[in-house]
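The structure appears below as structure tokens.
A quick note: this is a predicted structure, and the numbers were derived from the prediction, not measured.
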Amino acid sequence: MDATATIQNYPNPFFSLNYVPAFESLGDDYFDIVAASEFPQHILRFRNDQLLPLLGLDPKTVTDNDFIEAFGKFQGSQLCLAMRYHGYQFGEYNPMLGDGRGFLYGQVKGVDGALYDFGTKGSGTTPYSRGGDGKLTLKGGVREVLAAEALHYMGVKTSRTLSMIETGQALWRGDEPSPTRSSVMVRFSRSHIRFGTFERLHRIGRKDLTTKLLNHVIEYYYPSVQGEAESYSLFYAELVQRVAELVAQWMAAGFCHGVLNTDNMSIVGESFDYGPYGFIPKYDPNFIAAYFDYYGRYSYGSQPAICKMNLQMLQVPLGAVIPADDMEAALSRFDEHYYLTYKQLMLRKLGLENLQLPEADELVKLTIAILKETELGYHDFFTELTDLFHRHSPEDVDSIFSDADFLRYVGKSDNLANWQQIFNLILYNLPLDVRGQIPQTMARWNPRTVLLRPRIEAIWRPIVMEDNWEPFYELIRQLQAGE
């Protein structure tokens with residue numbers, strides 16, 4: 001861990017934060033008060049010093065023991081709340097959900113004035129554990145830390161991990177070698193309120209609780225519509241836009257969430273709860289992240305349609321307080337929001353930020369077409385493109401693609417020659433100073449460090465075999481540096 005974090009600073013700075021009992025103030029119709037398990041061991045394996053300034057904390061004055069007291073032993077005085085929700089899981093409604101291995105530890109105001117959640121994962125049983133142990137495997141914790149950091153630095157709106165602590169318990173899991181090591185982590189996000197939170201209220205027939213929760217959501221997470229005459233309808237319209245933009249971010253990043261059940265959909269349009277996720281090695285709409293997704297319901301290419309469907313299903317509980325016509329009108333713009341964002345993000349990966357040219361649409365379509373035809377590595381293609389623009393002068397457009405390795409696929413792709421012609425035409429029409437910014441834009445949005453499955457397994461192996469965490473910390477450093 002950070003060697004500078006050795007200064008004893010009591011009381012624990014995490015206990016002195018500006019906690020706001022926002023969700024707690026709604027009352028116990030929405031949660032159950034629970035307690036964390038006691039763990040035999042506490043080894044801090046990850047602390048996210050990048051987040052501490054947002055909490056008004058100087059990382060140098062926060063010790064490893066401060067993290068352990070707050071997020072391993074849970075010694076804070078605020079109530080721990082297991083949130084109640086239902087959800088559609090693989091299309092089937094499940095009323096037996098709720099926080100089964102975590103709870104809302106606290107909510108704090110950041111220095112930016114926004115409200116943030118500390119939500120646990122692996123902290124023990126709750127009324128919703130359904131016979132499970134409520135624990136988290138160490139590998140599960142490692143994977144979530146990596147996913148959140150990678151996505152954040154790729155420009156995806158995502159939760160982050162504040163801390164991960166190894167807890168010294170042996171866990172038995174059917175989907176990995178057992179016994180395996182355990183962990184508890186704390187997720188840092190805007191909100192843990194889910195689509196399924198509203199679905200539960202509809203199921204129990206509580207329009208009053210739906211209205212109360214919706215007012216809460218608007219107050220804290222949609223302040224721009226608060227006080228407007230049609231604030232409920234405006235909220236839903238903004239949610240549609242946020243979700244469409246989020247899915248576009250996943251798709252441009254080559255990310256497959258894996259389990260887009262409605263209980264994994266945040267009401268603020270933020271990506272969270274990373275289980276069997278995967279980054280695509282090549283452009284394959286049928287790529288499946290979850291081994292149990294037998295029919296590919298949540299495949300990479302299905303994500304826009306699934307999220308739109310989840311928004312459609314959310315209209316049922318929200319229909320108690322929002323006019324159906326207003327919601328349908330808002331949802332009809334999902335595809336437009338999605339494509340505009342996706343096009344912008346893909347152009348950014350091509351180094352052409354803020355490009356407003358008619359050729360832009362065709363360039364994006366051709367980029368996807370050649371990736372599908374040639375089966376080039378999705379991330380490798382953009383990395384090679386970045387190298388080409390760093391290697392050649394922006395003044396000499398004709399030379400940029402002269403030694404491109406992917407041109408060997410010309411015979412296999414009907415679109416590659418057209419792609420190069422359109423790209424050259426765009427470059428010729430750009431001012432030289434704008435052309436000169438392309439390499440920097442590409443380098444920023446096409447990191448070389450990508451969490452393909454072999455990469456994750458390569459850093460997990462030394463942890464298991466030698467308790468060697470250095471490859472993990474080096475990978476975190478690379479992700480945070482955008483390398």
Does the plane of the ring in F423 sit parallel, tilted or perpendicular to the ring in W419? Use 30° and 60° as the thresholds.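 It falls in the perpendicular class, over 60°.
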
Parallel, tilted or perpendicular: ring planes of F103 versus Y105, cut at 30 and 60 degrees: tilted

More than 12 non-hydrogen atoms from neighbouring residues, nucleotides or ligands closer than 6.0 Å to [atom1] on [X], yes or no?
| X | atom1 | value |
| --- | --- | --- |
| Q421 | CD | no |
| F292 | CZ | yes |
| K282 | NZ | no |

[atom2] on [Y] to [atom1] on [X], rounded to 0.5 Å:
| X | Y | atom1 | atom2 | value |
| --- | --- | --- | --- | --- |
| M251 | Q303 | CE | CD | 6.0 Å |
| L427 | E395 | CG | CD | 13.5 Å |
| I400 | R391 | CD1 | CZ | 11.0 Å |
| E270 | R160 | CD | CZ | 10.5 Å |
| K139 | I456 | NZ | CD1 | 8.5 Å |
| N48 | S163 | CG | OG | 9.0 Å |

Any [X] side-chain heavy atom under 4.5 Å of [Y] side chain:
| X | Y | answer |
| --- | --- | --- |
| I288 | Y294 | no |
| L260 | M265 | yes |
| L352 | I426 | yes |
| Y236 | Y222 | no |
| D398 | D396 | yes |
| L318 | Y232 | no |
| F255 | V156 | no |
| M154 | F279 | yes |

Full working for side-chain hydrogen bond (donor to acceptor under 3.5 Å, both in side chains) between Q50 and E149: CA-CA 10 Å; Q50 304 277 340; E149 291 308 289; over 6 Å; no

Within 45 degrees of the ring normal and closer than 6.0 Å to the centroid, is that where the cationic atom of [X] sits relative to [Y]?
| X | Y | value |
| --- | --- | --- |
| R190 | Y221 | no |
| R187 | Y274 | no |
| K372 | Y283 | no |
| R194 | Y85 | yes |

Counting only N and O atoms by type, is there a donor-acceptor contact under 3.5 Å from the side chain of [X] to the main-chain atoms of [Y]?
| X | Y | result |
| --- | --- | --- |
| D263 | G196 | no |
| H152 | A147 | no |
| R130 | M96 | yes |
| R444 | T441 | no |
| N429 | L425 | yes |
| N446 | K349 | yes |
| D284 | N286 | yes |

Provide the closest heavy-atom pair for [X] versus [Y] in the form atom of the first, atom of the second, distance.
| X | Y | answer |
| --- | --- | --- |
| P439 | T386 | O-CG2, 4.4 Å |
| E384 | A404 | OE2-C, 3.3 Å |
| L246 | K157 | CD1-O, 3.4 Å |
| P317 | T210 | O-CG2, 4.0 Å |
| S159 | S189 | CB-CB, 3.7 Å |
| Q312 | E328 | NE2-OE2, 2.9 Å |

Could you walk me through whether T161 and F188 pass the side-chain contact (heavy atoms from CB on, under 4.5 Å) check? CA-CA 6 Å; T161 305; F188 182 85; over 6 Å; no

Cationic N near anionic O, under 4.0 Å, [X] to [Y]:
| X | Y | result |
| --- | --- | --- |
| K365 | E362 | no |
| D433 | R435 | no |
| E483 | R448 | no |
| D99 | R84 | no |

Between [X] and [Y], does any side-chain donor sit less than 3.5 Å from a side-chain acceptor?
| X | Y | result |
| --- | --- | --- |
| T137 | T180 | no |
| H392 | D403 | yes |
| E353 | Q344 | no |
| Y277 | D273 | no |

Test side-chain hydrogen bond (donor to acceptor under 3.5 Å, both in side chains) applied to S302 and S299, step by step: CA-CA 5 Å; S302 298; S299 67; 2.8 Å; yes

Of Y93, Y128, F195, the residue whose pairing with H86 passes ring-ring contact (aromatic ring centres under 6.0 Å, His included):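 Of Y93, Y128, F195, ring-ring contact (aromatic ring centres under 6.0 Å, His included) with H86 is met by Y93 alone.
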
Under the side-chain contact (heavy atoms from CB on, under 4.5 Å) rule, what do E92 and Y88 come out as? Steps first, then yes or no, please. CA-CA 5 Å; E92 297 294 327; Y88 285 92; over 6 Å; no

Ring centres of H202 and F198 under 6.0 Å apart? no

Residue that, paired with I463, satisfies side-chain contact (heavy atoms from CB on, under 4.5 Å) out of E166, R181, R45: R181

CA sep, side-chain torsions, deciding dist, call: T197, I267, side-chain contact (heavy atoms from CB on, under 4.5 Å): CA-CA 9 Å; T197 312; I267 203 66; over 6 Å; no

Begin from the C-alpha positions of E238 and R242 and carry the test salt bridge (charged side-chain N to carboxylate O under 4.0 Å, His left out) through to its verdict. CA-CA 6 Å; E238 187 172 335; R242 289 189 191 186; 2.8 Å; yes

Go through the steps to decide whether T383 and V450 satisfy the test side-chain contact (heavy atoms from CB on, under 4.5 Å), and finish with yes or no. CA-CA 11 Å; T383 297; V450 181; over 6 Å; no

Quick one: ring pair (Phe, Tyr, Trp, His ring centres under 6.0 Å) partners of Y153, sequence neighbours excluded? none

Applying side-chain hydrogen bond (donor to acceptor under 3.5 Å, both in side chains), which residue pairs with at least one partner in residues 243-262 are found, sequence neighbours left out?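 side-chain hydrogen bond (donor to acceptor under 3.5 Å, both in side chains) check on residues 243-262 returns E199-T262, Q241-E245, W250-S271, N261-Y298.
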
